[in-house]
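Sequence lines set the chain letters: A, B, ... in the order given, protein chains first and strands last, and positions in each chain run from 1. Computed from a prediction, not measured in an experiment: that's the story for all the values here.
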Amino acid sequence: MAFEALQEKFSRVIKSLKGQSKLTEKNMDDMLKEVRIALLEADVNYKVVREFINSVKEKALGERVFDKLNPSEMVVKIVRDELVELLGSDNCTLNYNKNKPTIILLVGLQGSGKTTTCAKLANLMKYKLKKKVLMAACDVYRPAAVDQLAQLANQINVDLVNMGTKVDPVEIAKKAKEKAYNDHYDVLLIDTAGRLQIDEKLMDELKNIKREIGPEEILLLTDAMAGQDSVNVATKFNELLGLTGVIMSKMDGDSRGGAALSIAHVTGVPIKFIGVGEKINELDIFYPDRMAERILGMGDVLTLIDKVEQNIDEKEAKKSMNKMMEGTFTLDDMLAQMKQVQKLGSLGGLMKLIPGMPKVSPEQLEKAEKDMKEFEVIINSMTYEERMHPEILKNSRKTRIARGSGKTNADINRVLKRYESAKEMMKQMKNRSKKGGPGFNPNMFR
Amino acid sequence: MGLFKFLKEKFGKKKEEQSVEASKEQKSLDKYDKGLEKSRKNFSNKLEELTKRYKEVNDDYFSDLEEILIEADCGVNFTLKIIEDLLDYSNEKDIKDPKAINESLVDRMFLNYVKEGSNIKNELSFENLPEVLVMVGVNGVGKTTTIAKLAKRYISKGKKVLLVAADTFRAGAKEQLTVWAGRLGIDIVSGNDNEDPASVAYKGVSKGLADKADLIIVDTAGRLQNKKNLMDELKKVSKVINKLINREPECFLVIDATTGQNGVLQAAAFKELINVTGIVITKMDGTSKGGIILAIREELGIPVRFIGLGEGFDDLEEFDLDKYLYGLCSGLIKDE
């Protein structure tokens, strides 16, 4: 995930610092040098890095960290706080009008992810915020861009103003606004064509749309993989249109996303959302403090909790919790649990949010997900009785299940082994909670 | 011979010649000149400014130089190393003239390129028919548009081209390619939504074989290089094609010129999995950076074969290092 490499680097720097009993100006310089390279490698703009390093150093000297008990931790704290500051210190949400439609314009370079994000935003507003949402397809230039949005609109069941590709985008936007007002929509999302910030004709078109419909929000899409130029792009769009926010797409890649830091810092425009996957619900709110902590290897527990709350079916969870406590944990329960976890999105994304977990390799994660699918196939090939009482599974039954699921006996045994260890873990948790201790030990992830 | 002199001699005098070949060359050179305008402003104009500001090189000079390189997305390691080398060079030979240092810088930057670049054929060879080309890349780099441009290029050379829309994932992807096929007046094979891309590729290449197409271009869905299952899917596509034509297909990785250091990771990841035979850099006209070209070559040795210098249909040019350098550095060269 974005920032991970940066996070690793910081962890290493901090670790090397921890060994030293005393922080001196000299070894702080060494540390800051590492920080500088890490930020540059993350595509943070050169000038932003310079300012960042200077202000960290100034603060460190100003707070007389050398006299403190844990000077290295002080420096870490300063780096963290500065990062939060750099990423924009507000928890930024969109501004919604109370009594009239809120109009949101999406702009950006070609291929930055406007159309996909438009649908993701619509999905989020409709299903999470319960808004009545309308979208408008104003990208009349890229072949089939309108078709793309139409397909997505259909998929999430959101209304779309689609006037084809022969109409001036300004006209489409105006018509869409009219419809949004007449039919009392809460939100109008306008998808526009990708354009270079130096393309005067197309930039004028955006200015015209802005003038004609007066959007509340103008959001710039930027790619998490963007390089040093991202600052210029954002600056120019901001200059010409007055941006109200930035959405960073493709954060699920392995780019370090330094552009996020640069853009927020140079333009002062807050980052509001991040795209974290290709699925329609993979759009997250951007939290600067969480992101900064993630960079520093503290994990992102808050995002994890949010994700769990959004996706876990509470009744299901309670049921399996109760069962667990009663000690009647069956294969069906194990499968239900796995499915709950799967609902949280990909396991890989989830694991990264847990502090202290970055050492899991992508291969391991992938294996875990594959296991889940395999287990499901196998368990589904069992009879009800077998699932309730796995202990009755002997060779002949195993052979039958193996044949039914297209697996081997060894695969069946693997499922059973996993089941046994899961059961054992449940027992331990049960005992612990009986003793009055915490049922869930946060240290199990350390 | 220094690079500057070489370029000056190669391109500086071309204008007097009148032959058709020469005017075609000049047109192509002009495209590079225009497409790299932003990069030039950022790179060679800044270098030029620097030589005006400093009479003699010193620590500040090198720190400014470092900034220019990093801001051009040349990569941190690459930049730090080259600056170190230059410092040594300056100290050892006692060279303090900024111009000489800059010249040495440009020489160093492109040395590897020049060394290895001479025997690379950019154009598809058409030695074995049909030529099959698979286009891959992360999301939003311009794969589909590049396919249209490449198809146009080879249609105008009299080749029979077939498009295969194996991006069955992204909404509107096959419609996008279908529009292009319509405009170009060529056939297209496309799959159903979410159909296995390998099966679409199979159908497409089979049709191409039956129809005796000269070139079959297969579009694939954009994928981030760290998504292992999606990358494996690509491997399967390549395997299926291999079976049909009994050789590895050509495979172009499309990279957005505005990409930062991640471009190198992209190239490495794709290369590890499938036989990437070339790179196409898109949106070069839109960025002032594009140092990514250097970084990729430096670290992976995959040749850049085509470069997108504008939004027009004909703005996809064969990558020519000399022209590229001339476009990038012409300010410095003319100055001499």
A.B. asks: Considering only heavy atoms, which portion of Q155(A) lies under 4.5 Å from any heavy atom of chain B: side chain, backbone, both, or neither?
C.D. replies: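 Neither; nothing under 4.5 Å.
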
A.B. asks: To the nearest 0.5 angstrom, please state how far the CD atom of E175(B) sits from the CD atom of Q151(A).
C.D. replies: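 Rounded to the nearest 0.5 Å, the CD-CD separation comes out at 4.5 Å.
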
A.B. asks: Identify the heavy atoms of Q176(B) and A144(A) that sit nearest to each other, and give their distance.
C.D. replies: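 It is N-CB, 3.1 Å.
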
A.B. asks: Do T144(B) and R142(A) come within less than 4.5 Å of each other through their side chains, counting heavy atoms only?
C.D. replies: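 Heavy-atom side-chain distance check fails, nothing below 4.5 Å.
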
A.B. asks: Kindly indicate whether the side chain of D252(A), heavy atoms from C-beta on, has any atom under 4.5 Å from the side chain of K227(B).
C.D. replies: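 Yes, close enough: below the 4.5 Å cut-off.
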
A.B. asks: Side chain to side chain contact (heavy atoms under 4.5 Å, CB included) for Q110(A) and D256(B)? Distances and angles first, verdict last.
C.D. replies: CA-CA 10 Å; Q110(A) 291 95 338; D256(B) 184 330; over 6 Å; no

A.B. asks: Taking all non-hydrogen atoms of both residues, which atom of D285(B) and which atom of I198(A) are closest, and how far apart?
C.D. replies: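 In this case the closest contact between D285(B) and I198(A) is O-CD1, 4.1 Å.
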
A.B. asks: Taking all non-hydrogen atoms of both residues, which atom of S63(B) and which atom of Y46(A) are closest, and how far apart?
C.D. replies: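 Of all heavy-atom pairs spanning S63(B) and Y46(A), the closest is O-OH, 3.6 Å.
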
A.B. asks: Measuring heavy-atom distances to chain A, does L80(B) have an atom under 4.5 Å in its side chain, in its backbone, in both, or in neither?
C.D. replies: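 Only the side chain of L80(B) comes within 4.5 Å of chain A.
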
A.B. asks: Using modelled atom types only, decide if a donor and an acceptor are shared between the side chain of K250(A) and the backbone of V138(B) within a distance under 3.5 Å.
C.D. replies: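 Not a single qualifying donor-acceptor pair exists.
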
A.B. asks: Under a 4.5 Å heavy-atom cut-off, does chain B meet the side chain of R195(A), its backbone, both or neither?
C.D. replies: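 Answer is neither: R195(A) stays 4.5 Å or more from chain B.
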
A.B. asks: Identify which part of I255(B) has an atom lying under 4.5 Å from any heavy atom of chain A, answering side chain, backbone, both or neither.
C.D. replies: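 Contact with chain A involves no heavy atom of I255(B) at all.
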
A.B. asks: Does NZ belonging to K152(B) count more than 12 external heavy atoms closer than 6.0 Å?
C.D. replies: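 More than 12 heavy atoms, drawn from other residues, nucleotides or ligands, come within 6.0 Å of this atom.
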
A.B. asks: Check the surroundings of atom CD in E239(A): do more than 12 heavy atoms from other residues, nucleotides or ligands lie under 6.0 Å from it?
C.D. replies: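 Correct, the count exceeds 12.
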
A.B. asks: Between G142(B), A148(B), G140(B), which residue shows the highest count of heavy-atom pairs closer than 4.5 Å to chain A?
C.D. replies: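 The answer is G140(B).
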
A.B. asks: If every non-hydrogen atom of A171(B) is compared with every non-hydrogen atom of Q148(A), which pair is closest and at what distance?
C.D. replies: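 Residues A171(B) and Q148(A), closest heavy atoms: O-CG, 2.7 Å.
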
A.B. asks: Considering only heavy atoms and a distance below 4.5 Å, find which of G172(B), G263(B), A173(B), G222(B) pairs most often with chain A.
C.D. replies: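 Ranked by contacts with chain A, first place is G172(B).
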
A.B. asks: Is R223(B) salt-bridged to E278(A), going by a charged N under 4.0 Å from an acidic O?
C.D. replies: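 Not counted as a salt bridge, because no side-chain N and carboxylate O are separated by less than 4.0 Å.
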
A.B. asks: Between E71(B) and N45(A), is any pair of side-chain heavy atoms under 4.5 Å apart?
C.D. replies: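 Touching, per the 4.5 Å side-chain cut-off.
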
A.B. asks: Taking atom CG of D43(A) and atom CG of D73(B), what is their separation to the nearest 0.5 Å?
C.D. replies: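 Between atom CG of D43(A) and atom CG of D73(B) there are 6.0 Å.
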
A.B. asks: What distance separates D223(A) CG from T259(B) OG1, expressed to the nearest 0.5 Å?
C.D. replies: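 Here the interatomic distance stands at 6.5 Å.
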
A.B. asks: Considering residues, nucleotides and ligands other than K126(A), do more than 12 of their heavy atoms fall under 6.0 Å from its NZ?
C.D. replies: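 It does: K126(A) NZ has more than 12 such atoms within range.
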
